[in-house]
Protein chains: 2
Amino acid sequence: MQSDDRRDLAAMMYPVVRALLAVEQPVLDAHGVAMWGYSVLTALDRTPIRTQAALAEAIGADKTRIIGTLDDLQDAGLITRTPDPDDRRARLLAITAEGRRVRRAITAGIRSREERLLSRLPATDRRGFVRALTELSALPPGDLADLAEAPVSGSPPSPA
Amino acid sequence: MQSDDRRDLAAMMYPVVRALLAVEQPVLDAHGVAMWGYSVLTALDRTPIRTQAALAEAIGADKTRIIGTLDDLQDAGLITRTPDPDDRRARLLAITAEGRRVRRAITAGIRSREERLLSRLPATDRRGFVRALTELSALPPGDLADLAEAPVSGSPPSPA
DNA sequence: CGCAATCATAAGCAATAGCCTACGATCAAC
DNA sequence: GTTGATCGTAGGCTATTGCTTATGATTGCG
C-alpha cells in the first residue's frame, strides 16, 4: 500500500540538523554564548525555574554538566542564580534584562540564517514542515521516547 | 512582519532525531547491524561504489572509521569487498543478496516505527514534513554546508 | 625508471557526551 | 534531634567523534 520510496526519517533529518547546528555556531560565537548556554537562556526566557535539576531536565541536559554553563552565564550577567529563601538548597534561576537582549539577538541571527534553508522549500511544504516540527516538539516529553517500545519483527541475527 | 513565534529549527529537530535514532536501535540490534553498517547497506543498495573513500563521503562518515564497519559487514556476508582488477588499490564495494534482504528487513522495521511518530501529525502537515525532508536531503551536499556563510549581525561579545 | 599521488589501513589525540559516585549543605518527617 | 531525602557541586569513567599522521601497496606521469 505504501509506495513509500523515501529514505529513513533519521537519515534525512540528521544531516539537516548538523547543518543547522553549524549554522548557529557562528552566531553564538559572535555573542560569546555556548550552545548549552543559549538553550538555557531560551528556557529561562520562557519562564523562570526553581531548581537547576528542573532546568536540566527541561532542556534535556545532564544535571551535573550544566553547572559550568550556568557559571558562565552568571559571570556574563545573563542570568541570576539566587538561593531560594524558602529552601536554601535550591537556586532560583532567572534571566536578566541583558540576557533577554542577548537571547533575542541570537535568535534573530539564527532565524535569518534558517531562512536561507527554508527558502529552498515550496511554500506549502515549508509550512507543513515547520508546523509538523512545532507539533512534534510540543509533544509531552515522554511520548517521543515511548516510540521505541514495539516488538521487533524480522529474522534474528546470526546465532551468537 | 513575522509573528514567527516558534523555537529554533535545530532545537525542535534535535530531540526528534534523537528519538528516531533510539527507535532504530532495537531494530538494528535485532539484526546484528550497527548504525553505520546500516548506513553503508543503504548506500550500497542504491548503487555499488568503487572506493571506500567515496563511500565514506557518500554517507558522511570518516574514511578511516568505516573500516571496522566494512569488516563486520563483510564477515557477516552482507557486502563484498573485492580488489578492483583495474586498480588494485581500490576495493569494489557491493551489497550481497543477503545484505539486501537484511537491509530491507531493517528498513521495514524502522518504517513501521516511524509510522507511530508520523501518525501524530495531521495528514497535510505530515505530507509537507516528509516532502520537505526529502527535498532538503536531496540538495547537493555542499548546499547545506554553505548556509553558515553569512555575516553575523548583532553586538559582539564582551571585549575579550 | 623514478616521483608524486591515491587507496586502504592502523594508530593516536583532543573534545564531547552520557553516566555514575561522592560530598557538604539543607530540608522534611518523625 | 536523628534519619533520610533533595539540591548543587565536583570528579571520574567510558564510548564516540572529528581530525591527524604514518605506512605499505599500487598507480600514473614524465
Side-chain angles (χ1 to χ4, degrees), chain A residues 10 14-15 17-19 21-22 24-25 28-29 33-40 43-44 48-75 79-94 141 144-145 148, chain B residues 10 14-15 17-19 21-22 24-25 28-29 33-40 43-44 48-75 79-94 141 144-145 148:
Chain A
Y14 197 78
V17 170
R18 296 215 120 232
L21 290 177
E24 297 193 357
Q25 200 57 60
L28 292 167
D29 291 346
V33 176
M35 188 74 75
W36 281 118
Y38 176 58
S39 181
V40 168
L44 291 183
I49 301 188
R50 216 184 60 82
T51 77
Q52 296 183 182
L55 169 66
E57 216 217 312
I59 65 176
D62 188 291
K63 177 179 58 167
T64 74
R65 308 209 80 131
I66 57 168
I67 297 183
T69 300
L70 296 178
D71 290 344
D72 294 345
L73 291 174
Q74 190 177 22
D75 290 350
I79 67 169
T80 58
R81 193 155 44 153
T82 59
D84 182 346
D86 292 353
D87 180 349
R88 294 218 302 287
R89 291 172 302 178
R91 308 297 163 86
L92 299 175
L93 301 169
L144 276 183
Chain B
Y14 198 78
V17 170
R18 295 215 122 230
L21 291 177
E24 297 193 357
Q25 200 57 61
L28 292 167
D29 291 346
V33 175
M35 188 73 75
W36 280 119
Y38 176 58
S39 180
V40 168
L44 290 182
I49 301 189
R50 216 185 58 82
T51 78
Q52 296 182 182
L55 169 66
E57 216 217 312
I59 64 177
D62 188 291
K63 177 180 57 168
T64 75
R65 307 209 85 128
I66 56 169
I67 298 183
T69 299
L70 295 178
D71 291 343
D72 294 344
L73 290 174
Q74 190 177 22
D75 290 349
I79 66 169
T80 58
R81 192 154 47 152
T82 57
D84 183 345
D86 292 354
D87 180 350
R88 293 217 304 285
R89 291 171 303 178
R91 308 297 163 87
L92 300 175
L93 300 170
L144 276 183

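Chain letters run A, B, ... following the sequence lines, proteins first, then strands; residues in each count from 1.
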Less than 3.5 Å between a donor and an acceptor, one on the side chain of A:R89 and one on the base of D:dT6, is that the case here?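 Result: at least one qualifying N/O pair found.
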Base, sugar-phosphate or nothing for B:R18? Non-hydrogen atoms, less than 4.0 Å.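 The residue B:R18 makes sugar-phosphate contact but no base contact.
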Check the distance between [N]'s [atom2] and [X]'s [atom1] and give it to me in whole angstrom.
X	N	atom1	atom2	result
A:D86	D:dT6	CG	C1'	16 Å
A:Q52	C:dA25	CD	P	17 Å
A:E57	C:dG18	CD	C1'	15 Å
A:R88	C:dG24	CZ	P	18 Å
B:L21	D:dT16	CG	P	14 Å
B:Q25	D:dA15	CD	C1'	13 Å

About how many Å separate [atom2] of [Y] and [atom1] of [X], when rounded to the nearest 0.5 Å?
X	Y	atom1	atom2	value
A:R81	A:L44	CZ	CG	11.0 Å
B:I59	B:I66	CD1	CD1	5.5 Å
B:E57	B:D62	CD	CG	11.5 Å
A:M35	A:D29	CE	CG	9.0 Å
A:I79	A:D72	CD1	CG	9.5 Å

Measuring to OP1 and OP2 of C:dT16, would you say a side-chain N or O of A:W36 lies under 4.0 angstrom away?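 Answer no for this pair, as no side-chain N or O of A:W36 is under 4.0 Å from OP1 or OP2.
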With a cut-off of less than 4.0 Å, is there a side-chain N or O of B:R81 near OP1 or OP2 of C:dT9?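 Affirmative; the distance criterion is met.
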Need to verify one output field. Residue with the more 5' nearest nucleotide on DNA chain D, B:D84 or A:A53?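 With B:D84 and A:A53 compared, the 5'-side residue is A:A53.
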Does any non-hydrogen side-chain atom of B:T82 lie less than 4.5 Å from one of B:R91?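 Side chain of B:R91 against side chain of B:T82, heavy atoms only: no contact under 4.5 Å found.
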Hey, does A:L70 have a side-chain heavy atom less than 4.5 Å from the side chain of A:L55?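 In short, these two side chains touch, coming nearer than 4.5 Å.
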Toward the 5' end of DNA chain C, by each residue's nearest nucleotide, B:Y14 or B:A54: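 Nearest nucleotide further toward 5': that of B:A54.
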If you assign A:D87 and A:G60 each to the DNA chain C nucleotide with the nearest heavy atom, which residue ends up on the more 5' nucleotide?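 Closest to the 5' end, via its nearest nucleotide, is A:G60.
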Side chain of A:R91, heavy atoms from C-beta onward: which of D:dG8, C:dT26, D:dT26 has the nearest atom to it?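 The answer is D:dG8, which lies nearest to the side chain.
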For DNA chain D, determine which residues of residues 61-74 of chain A have any heavy atom closer than 4.0 angstrom to one of its atoms, and list them numerically.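 Output list: A:T64, A:I67.
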